[in-house]
Structure formats: structure tokens, C-alpha cells
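Let me begin by presenting the structure, written as C-alpha cells, before commenting on it.
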Amino acid sequence: MANTTLVDELEEQQITYYNSWGIIISVNSWLAFTVNVLHLVILTQLKTLTKKPYRHILIHITLGDMFTSLTTSIYYTFLSYFFLPSVNEYSVPYGFKYLASTGLVFFPLFTCYWIFVFASIEQYYAICQPMKYETSSYIKKLPWILWAGWLMTFLMVYGFLFLIQEYSFSLQSYQRNMSMGHIIFKLVPLLITIIFLIPILKELRKMAGDQIPAGREQARNAAIYLIIIFSIFSMYSLFDIAVSLSTMVIKLDFTFLLLERIRNMIKTWYAILNTIIYGWRTKTYRQYIRDRLQCHSNGGV
């Protein structure tokens with residue numbers, strides 16, 4: 001009976017791919033994925049980034065946005081399949097399909113938060129400890145640290161989802177546990193990033209009135225870019241956390257689903273805006289695009 005009731009409620013709300021919200025979010029997510037694929041290609045071709053640790057940060061930020069957009073687009077394209085999972089005797093979503101599909105959506109998004117942590121530490125060395133930057137073991141191992149971050153998040157997400165499906169004994173407790181997990185997974189890396197960005201901001205203010213050498217100017221521009229996109233990401237994250245908090249007091253109804261749809265829409269806009277900001281701020285990036293366009297307009301000559 002609980003299973004039938006849950007399914008009936010969800011079907012009444014028309015949560016399917018054919019719903020207009022689902023179509024819009026799916027299309028926007030595919031667009032964000034395509035834009036980030038192109039952005040990744042350009043980043044790997046820029047000679048000014050070759051052999052620079054910062055290049056790995058840019059690549060992983062882009063990979064995070066790319067896979068977040070991809071999994072969101074897949075989820076909404078096949079929403080009728082993913083949104084109606086099997087439930088156990090407590091009306092809690094249950095089974096391998098639930099575990100695999102839900103983790104697939106959460107895993108790249110939560111990884112984005114930790115990429116900002118690693119990026120803020122890299123920029124802390126670049127701006128606040130420039131003499132130690134080249135010799136730091138953290139900077140030398142940065143590529144491995146970034147990939148380890150993906151693995152760490154993967155294990156945490158699937159471990160968490162397994163625990164809540166096993167130890168939630170009502171739909172309300174499941175919803176509360178899921179919301180608390182969302183908040184913790186997002187808030188902890190956000191706070192760690194802010195801790196490292198505070199001294200970076202202080203140092204940037206000191207650098208503002210000084211004549212900056214060319215090498216330091218590049219580091220300064222990289223730090224400013226990181227602060228800009230993290231600020232935008234934080235605004236999205238605060239809304240996301242507010243949505244998670246609301247689910248602790250709002251039942252699974254139209255209000256919650258509307259907030260979730262708005263959240264997923266904003267997520268795709270951030271993924272596109274991130275690439276636009278980098279292109280707008282980076283002369284070599286714009287020049288590369290102009291050269292490619294000119295080459296194609298001349299017939300590849």
C-alpha cells in the first residue's frame with residue numbers, strides 16, 4: 001500500500017521527461033555539457049598553461065562542471081525511469097537502481113566542492129607563500145591529489161547512500177537524513193575554501209597598489225578568477241543548502257520539487273557562466289578562439 005501511494009503521488013505531480021520543466025533542464029544541461037567540453041579542449045591547447053599546476057585546477061573545475069551537467073541531463077532525459085525507484089516496506093527508495101542513479105547525480109556535484117578546496121590551497125601557496133610554491137610537496141602532487149579527491153567523494157557518496165537506504169525506517173527519516181547529508185557534504189568544503197581564501201584576499205589587497213612582476217600578475221589573475229567563480233558557486237550553494245534545509249520541514253510535494261527544479265536550472269547556468277568568465281578574462285583564450293574561427297573561415301588554410 002505504501003509503495004502504491006508513493007508512486008501515485010509522484011505520478012499525480014507529472015514528474016516525467018515530458019513535463020516542461022524536465023525538458024528545459026535537460027536541454028540546458030546538455031548545452032552546459034557541450035560548452036564545457038569545448039572549454040576543456042581549448043584549455044588543453046593553450047600553451048600559456050603548459051606545465052603550470054594551475055592548469056590542473058582549471059581542467060578539474062571544467063571536468064566537475066562537465067560531468068555534473070552530463071549526469072543532470074541524463075537524469076532529466078530519463079526522469080520517469082529514475083524518479084520512480086523501488087521502495088522497501090518503510091516507503092524508502094531502495095535497490096541498486098536507486099543507489100547507482102542517485103550517486104551518479106550527486107558524485108560529480110559534491111566533487112566540485114572539493115576541487116574548490118584544492119584550488120584554494122594551490123592559490124594560497126601562489127599568493128601567500130610564493131617562495132615555497134615550486135618546492136611544495138602539495139603543488140608537486142597536485143594532479144594526484146585532484147584525482148584522489150574524485151575517488152574520495154565517490155566512496156563517501158555511495159557509502160552515505162547505502163547507509164541511509166539501510167537505516168532509514170520511514171520516508172520522513174529518509175528525507176531528513178538525505179537533507180542532512182546534502183548540507184554536510186556541501187557546507188564543510190565551502191567553509192574550508194573560505195578559510196584559505198581569506199588570507200588570499202588580504203594579500204591581493206596589498207598587491208593592488210604595488211607594481212607587480214609578470215609572474216606575480218598571472219598568479220594574481222588566477223586568484224581573482226577563482227574568487228569570482230567561487231563567489232558565484234557559493235551563491236548557488238547557499239540556495240542549494242536552503243533547499244536541503246527546507247526538505248526537513250516540507251514534505252515531498254510540489255513546493256519541494258519546484259525548489260529542486262530551480263536549483264538544477266541554476267546549476268546549469270553556473271556551468272556555462274564559468275567558461276564565459278574565464279574566456280572574457282583571458283586574452284590568450286580569446287585569441288585562440290579568434291584564430292580557430294579565422295582558420296575555418298579561410299577554409300583551413
Next on the checklist: Using every non-hydrogen atom in the two residues, find where Phe160 and Gly181 come nearest and quote the distance to one decimal.
Outcome noted: CZ-CA, 3.5 Å
Next on the checklist: If you apply the rule side-chain contact (heavy atoms from CB on, under 4.5 Å), what do you find for Ile277 with Ile232, and how did you get there?
Outcome noted: CA-CA 11 Å; Ile277 292 172; Ile232 298 171; 3.4 Å; yes
Checklist outcome for this item: Phe107 and Trp150 have their tightest heavy-atom pair at CE1-O, 3.1 Å
Item to check | Reported CD1-to-NZ distance for the pair Ile145 and Lys140, which is rounded to 0.5 angstrom | outcome: 12.5 Å
Checklist outcome for this item: Of all heavy-atom pairs linking Gly279 and Arg286, the shortest is O-CG, 2.9 Å
Item to check | Polar contact flag, side-chain donor to acceptor under 3.5 angstrom, Asn221-Tyr225 | outcome: no
Next on the checklist: Any heavy-atom pair between the side chains of Leu109 and Asp240 that's under 4.5 Å?
Outcome noted: yes
Checklist entry - Between Ser69 and Ala271, which heavy-atom pair has the shortest distance, and what is it? => result OG-CB, 3.7 Å
Item to check | Pairwise distance NE2(His56) to CD1(Ile61) - rounded to 0.5 angstrom | outcome: 13.0 Å
Next on the checklist: Would you compute the distance between atom CD of Gln129 and atom CD of Gln123 and round it to the nearest 0.5 angstrom?
Outcome noted: 13.5 Å
Checklist entry - Cys128 and Pro199: which non-hydrogen atoms are nearest, and at how many Å? => result SG-O, 3.6 Å
Item to check | Contacts of Tyr133 that satisfy side chain to side chain donor-acceptor pair (under 3.5 Å) - sequence neighbours left out | outcome: Glu122
Checklist outcome for this item: Output for pair (Leu273 CG, Thr268 OG1), nearest 0.5 Å, gives 11.0 Å
Checklist outcome for this item: OG1 of Thr193 to CD1 of Ile198, rounded to nearest 0.5 Å, is 11.0 Å
Item to check | Cluster link Phe239 to Ile184, ILVMFWY, side chain under 4.5 Å | outcome: yes
Checklist entry - Is the NZ or CZ atom of Arg292 positioned over Tyr288's six-membered ring, under 6.0 angstrom from the centre and within 45° of the axis? => result yes
Item to check | Distance-minimising heavy-atom pair for Leu204 and Arg220 | outcome: CD2-CG, 3.8 Å
Checklist entry - Just wondering, do Tyr236 and Lys267 contact through their side chains at under 4.5 Å, heavy atoms? => result yes
Checklist entry - Given side chains that start at C-beta, do those of His182 and Ile241 come closer than 4.5 Å, heavy atoms only? => result no
Checklist entry - Less than 6.0 Å separating the ring centroids of Tyr285 and His39? => result yes
Item to check | Common cluster, Tyr124/Leu191, ILVMFWY with side-chain heavy-atom separation under 4.5 Å | outcome: yes
Checklist entry - Between Leu146 and Ile57, is a side-chain contact (heavy atoms from CB on, under 4.5 Å) present by the stated rule, with each step listed? => result CA-CA 8 Å; Leu146 287 163; Ile57 295 293; 4.2 Å; yes
Next on the checklist: The test is side-chain contact (heavy atoms from CB on, under 4.5 Å); show your working for Leu70 and Trp30 and say whether it passes.
Outcome noted: CA-CA 7 Å; Leu70 177 62; Trp30 283 117; 3.6 Å; yes
Next on the checklist: Against Leu40, only a single residue in Thr275, Leu63, Asp65, Leu58 fulfils side-chain contact (heavy atoms from CB on, under 4.5 Å); can you say which?
Outcome noted: Leu63
Checklist entry - Parallel under 30°, tilted from 30 to 60°, perpendicular over 60°: which one fits the rings of Tyr158 and Phe154? => result tilted
Item to check | In one Ile/Leu/Val/Met/Phe/Trp/Tyr side-chain cluster, 4.5 Å: Leu38, Leu46 | outcome: no
Checklist entry - Is it the case that one hydrophobic cluster holds both Leu151 and Trp114, taking links as side-chain heavy atoms less than 4.5 Å apart, direct or via other members? => result yes
Checklist entry - Looking only at side chains, do Tyr113 and Ser237 share a donor and an acceptor under 3.5 Å apart? => result yes
Next on the checklist: Apply the hydrophobic cluster definition, ILVMFWY joined by side-chain contacts under 4.5 Å directly or through others, and give me every member besides Ile272.
Outcome noted: Leu31, Val35, Ile276
Checklist entry - Do the rings of Phe116 and Tyr270 sit parallel, tilted or perpendicular, given the 30° and 60° boundaries? => result tilted
Checklist entry - For the residue pair Phe110 and Phe185, does the interplanar ring angle fall in the parallel (under 30°), tilted (30 to 60°) or perpendicular (over 60°) class? => result parallel
Next on the checklist: Less than 4.5 Å apart, side chain to side chain, heavy atoms only: is that true for Leu293 and Ile289?
Outcome noted: yes
Next on the checklist: Once rounded to the nearest 0.5 Å, what's the spacing between atom CG of Leu104 and atom CG of Leu161?
Outcome noted: 11.0 Å
Item to check | Joint hydrophobic cluster, Ile229 plus Ile195, side-chain heavy atoms closer than 4.5 Å | outcome: no
